[in-house]
Amino acid sequence: MFMQKTLSLIKPDATERNITGSINIRFEQAGLRIIAQKRLWLTKTQSEQFYKIHKERAFYDSLCEYMSSGPIVAQILYGKNAVAKNREIMGATNPANAEIGTVRRDFGQSIERNTVHGSDSFENAEIEISFFFSLLEIIE
Ligand code: CMP
């Protein structure tokens with residue numbers, strides 16, 4: 001177990017329903033610390049850049065359209081094994097398959113409107129954090 005940072009996005013379906021606080025409580029109760037956080041509204045081009053790894057997937061255009069349809073909250077979560085811990089808190093990508101008590105199971109509306117994104121590896125966490133945050137904004 002070692003201390004890590006991971007990128008979390010609270011998606012437009014959650015900001016629309018005013019449930020970002022209910023989600024943040026889940027992170028804090030699980031022992032993760034929100035060490036940076038900001039609300040922003042991505043353009044479609046910015047969404048396409050962030051999700052470029054999925055460029056060839058059938059859902060890419062719809063995903064990027066959705067991610068730029070309203071405000072998101074970008075945040076850095078910090079704690080022991082933060083990448084894996086956050087994935088545990090989020091649950092499976094498809095809310096229908098996610099464990100009871102996970103964020104996606106409790107709040108997700110569909111595989112696309114699945115409420116949160118979290119980095120899937122330590123390496124991608126570094127890349128995704130630097131997409132949204134500068135060093136000056138990260139206070140450990
Ligand atoms: P996220 O963890 O943000 O990573 C990529 C996103 O693409 C995923 O959550 C979902 O929102 C979306 N996604 C993944 N698979 C599908 C799918 N089969 N259909 C629609 N959207 C998907």
Side-chain angles (χ1 to χ4, degrees):
M1 296 261 262
F2 57 102
M3 302 301 276
Q4 280 180 343
K5 294 194 277 288
T6 191
L7 182 87
S8 165
L9 299 180
I10 302 183
K11 297 186 177 186
D13 68 88
T15 58
E16 186 186 344
R17 288 177 288 156
N18 198 24
I19 56 171
T20 62
S22 307
I23 294 164
N24 280 347
I25 284 170
R26 305 283 183 106
F27 299 137
E28 294 184 345
Q29 283 179 343
L32 294 178
R33 192 171 285 266
I34 302 164
I35 61 164
Q37 178 165 252
K38 59 187 166 192
R39 180 176 166 104
L40 33 107
W41 194 321
L42 298 178
T43 62
K44 177 120 187 256
T45 304
Q46 289 167 334
S47 296
E48 286 167 354
Q49 283 164 352
F50 181 72
Y51 278 117
K52 62 177 189 250
I53 192 173
H54 296 303
K55 204 165 59 191
E56 307 304 328
R57 311 293 290 273
F59 58 79
Y60 178 66
D61 188 62
S62 171
L63 170 66
C64 296
E65 195 67 52
Y66 158 63
M67 286 300 289
S68 52
S69 70
I72 64 165
V73 176
Q75 46 194 190
I76 302 174
L77 307 179
Y78 178 73
K80 281 183 193 160
N81 278 340
V83 172
K85 170 68 75 183
N86 184 37
R87 293 180 71 73
E88 228 176 87
I89 298 165
M90 290 191 301
T93 305
N94 187 346
N97 301 330
E99 299 269 339
I100 291 169
T102 60
V103 171
R104 284 168 168 164
R105 175 64 175 257
D106 294 349
F107 300 113
Q109 299 180 310
S110 69
I111 192 165
E112 181 173 273
R113 297 171 66 89
N114 64 351
T115 310
V116 280
H117 165 83
S119 308
D120 64 2
S121 66
F122 178 78
E123 293 71 26
N124 282 338
E126 298 281 300
I127 295 166
E128 292 182 356
I129 285 170
S130 62
F131 185 91
F132 284 101
F133 294 94
S134 78
L135 271 183
L136 284 174
E137 296 174 299
I138 304 172
I139 300 150
E140 281 187 19

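Ligands are counted one by one from 1 in listed order, and the atoms in each one are counted from 1 as well.
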Where at least one partner belongs to residues 99-112, residue pairs that pass salt bridge (charged side-chain N to carboxylate O under 4.0 Å, His left out), sequence neighbours excluded
R26-D106
Holding to side chain to side chain donor-acceptor pair (under 3.5 Å), I want the full list of residues that pass it with T43, two or more places apart in sequence or in another chain.
Q46
Using a cut-off of under 3.5 Å, which N/O atoms of ligand 1 pair up with protein N/O atoms, and what distance separates each pair?
from	atom 1	to	atom 2	distance (Å)
ligand 1	2 (O)	R104	NH2	3.0
ligand 1	2 (O)	H117	ND1	3.3
ligand 1	3 (O)	K11	NZ	2.7
ligand 1	3 (O)	Y51	OH	2.6
ligand 1	3 (O)	H117	ND1	3.0
ligand 1	9 (O)	K11	NZ	3.1
ligand 1	9 (O)	N114	ND2	3.2
ligand 1	11 (O)	K11	NZ	3.0
ligand 1	11 (O)	I111	O	3.2
ligand 1	11 (O)	E112	O	3.1
ligand 1	11 (O)	N114	OD1	3.3

Do R17 and T115 have side chains that approach each other closer than 4.5 Å (heavy atoms only, starting at C-beta)?
yes
Does some side-chain heavy atom of E137 sit less than 4.5 Å from a side-chain heavy atom of K38?
yes
Answer whether the closest heavy-atom distance between the side chains of N24 and Q37 falls below 4.5 Å.
yes
Residues that E16 engages under side chain to side chain contact (heavy atoms under 4.5 Å, CB included), provided they are two or more places apart:
R113
